[in-house]
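Keep in mind that this is a model prediction, so the values were computed, not measured. Counting begins at 1 with the first residue of the sequence.
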Amino acid sequence: MIRVSNARIETPIELSPGSPVVLTIESPREFYLLVGDMIGLLGGAETSFSLWDGDTRIKPSDRCEIVADVFSFDVTDRKIITALYKRLQSNFLDGDFVVPFGEAATAAENFLGELCDTVDFPIEYDELSLDAMLKAFAVRPAKNYDTLLEKVVAYIDIFAELKRTDVFVFVGLKDVLPDDELALLYRHCELKKIALLLLESHRARPPLASERSIIITDDLCEILENFG
């Protein structure tokens, strides 16, 4: 179980699959500060937030990912492409791909040699590498989704596969997903053993049965819902 700690939040934020936490911060100033600190933390900076697994402080980038703008995230984000290429390169070294890659590289070099011979001055080029081939073909995750819910699920599944990410933080997700789709997302994350933390600026509607809600009011009091 991951624990999110912040000196300005009294209630312990314990994240576990199947029980998402909705942290609603009604003060605009405090919302801006806390969301900024969470973005900074997951970007590697020292902020008011810290993440713990039991008594061990953990490096956020090893376990967590944040979607700060629900309108602009994409399954072809730079971090995903970098992680994908790293995984494919690892699979290349672990599998039986050296011989077919060598044959493909030789065919490409023969083609380039013939093409370059069509001009009357010397031309040189680098040997074909796997990384160059991946970039040349623009290898990337397919955008096989039609709705925002499907996009969110695809994004989560890709990070879980490539980086073993098991904690996701979303900012403003309840503003763009209705309760029935949120329930489907929560069920999917429970099955995948993914924990969710939702940061919201206002209480849009009553919490779902599976949600635990922490409301930080404009005067910085804390109201708990579904904490048992």
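Grouping the Ile, Leu, Val, Met, Phe, Trp and Tyr side chains by contacts below 4.5 angstrom, directly or via other members, places Leu41 apart from Phe168. Leu128 and Leu93 fall within the same hydrophobic cluster, defined by Ile, Leu, Val, Met, Phe, Trp and Tyr side-chain heavy atoms under 4.5 Å apart, directly or through other members. Under the 4.5 Å side-chain heavy-atom criterion for ILVMFWY residues, a single connected hydrophobic cluster contains both Val171 and Leu42. Under the 4.5 Å side-chain contact rule for hydrophobic residues, Ile158 and Leu149 share a cluster. Each of Leu199 and Leu33 belongs to its own hydrophobic cluster when Ile, Leu, Val, Met, Phe, Trp and Tyr are linked at side-chain heavy-atom distances under 4.5 angstrom.
In terms of heavy atoms, Val119 sits closest to Cys116 at CG2-O, 3.2 Å. Minimum interatomic distance between Cys189 and Pro17 (heavy atoms only, all atoms of both residues): O-CB, 4.3 Å. Taking each heavy atom of Val21 and Leu15 in turn, the nearest pair found is CG2-CD2, 3.8 Å. Residue Ile81 comes nearest to Thr76 through the heavy atom pair CG1-O, 3.6 Å, listed as atom of the first residue, atom of the second, then distance.
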Query raised in the report: Is there a side-chain contact (heavy atoms from CB on, under 4.5 Å) between Arg57 and Leu51 once you walk through the steps?
Result: CA-CA 6 Å; Arg57 186 167 182 172; Leu51 296 181; over 6 Å; no

Report task. Any chance you could lay out the salt bridge (Lys or Arg N to Asp or Glu O under 4.0 Å) test for Arg8 and Glu222, step after step, and finish with the verdict? Result -> CA-CA 11 Å; Arg8 301 206 299 273; Glu222 295 181 23; over 6 Å; no

Query raised in the report: Passes side-chain contact (heavy atoms from CB on, under 4.5 Å), Asp175 versus His202? Steps please.
Result: CA-CA 9 Å; Asp175 282 337; His202 62 280; 3.1 Å; yes

Query raised in the report: Hey, mind stepping through Leu198 and Leu23 against side-chain contact (heavy atoms from CB on, under 4.5 Å) and telling me if it holds?
Result: CA-CA 6 Å; Leu198 276 56; Leu23 176 60; over 6 Å; no

Report task. Begin with the C-alpha distance, continue with both residues' side-chain angles, and end with the deciding distance and a verdict on side-chain contact (heavy atoms from CB on, under 4.5 Å) for Trp52 and Val4. Result -> CA-CA 7 Å; Trp52 301 79; Val4 181; over 6 Å; no

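Between the side chain of Lys151 and the main chain of Phe73, a donor-acceptor pair closer than 3.5 Å is present. Looking only at distances, a side-chain donor or acceptor of Tyr85 sits under 3.5 Å from a matching main-chain atom of Leu134. At least one donor-acceptor pair under 3.5 Å links the side chain of Arg212 to the backbone N or O of Ser19. The closest donor-acceptor contact from the side chain of Glu181 to the backbone of Leu177 lies at 3.5 Å or more, if one exists at all. Looking only at distances, no side-chain donor or acceptor of Asp166 sits under 3.5 Å from a matching main-chain atom of Lys193. Side-chain N or O atoms of Arg140 include one that pairs as donor or acceptor with a backbone N or O of Ala138 at under 3.5 Å. Under a 3.5 Å cut-off, the side chain of Thr47 and the backbone N or O of Asp37 do form a donor-acceptor pair.
Contact annotation: the side chain of Tyr155 approaches that of Asp77 to within less than 4.5 Å [non-hydrogen atoms, C-beta and beyond]. Cys221 has its side chain out of reach of Ile215: every pair of non-hydrogen atoms, C-beta onward, lies at least 4.5 Å apart. At a threshold of 4.5 Å between non-hydrogen side-chain atoms, the residues Ile13 and Ser5 do not count as touching. Contact of the Glu211 side chain with the Lys174 side chain is registered, since non-hydrogen atoms from C-beta on lie closer than 4.5 Å. No side-chain heavy atom of Ile216 sits under 4.5 Å from any side-chain heavy atom of Phe31. Counting heavy atoms from C-beta on, the side chains of Arg63 and Ile2 come closer than 4.5 Å. When side chains are defined from C-beta on, Ile66 does not count as touching Phe170, because their heavy atoms never get closer than 4.5 Å.
Counting heavy atoms of neighbouring residues, nucleotides and ligands inside a 6.0 Å radius, atom CZ of Phe101 exceeds 12 of them. Environment of CZ in Phe111: sparse, with no more than 12 heavy atoms of neighbouring residues, nucleotides or ligands closer than 6.0 Å. Other residues, nucleotides and ligands place more than 12 heavy atoms under 6.0 Å from the CZ atom of Arg203. Counting non-hydrogen atoms of other residues, nucleotides and ligands closer than 6.0 Å to OH of Tyr125 gives a total above 12.
Of the options Lys79, Arg164, Lys163, a salt bridge (charged side-chain N to carboxylate O under 4.0 Å, His left out) to Glu65 is made by Lys79 and by none of the others.
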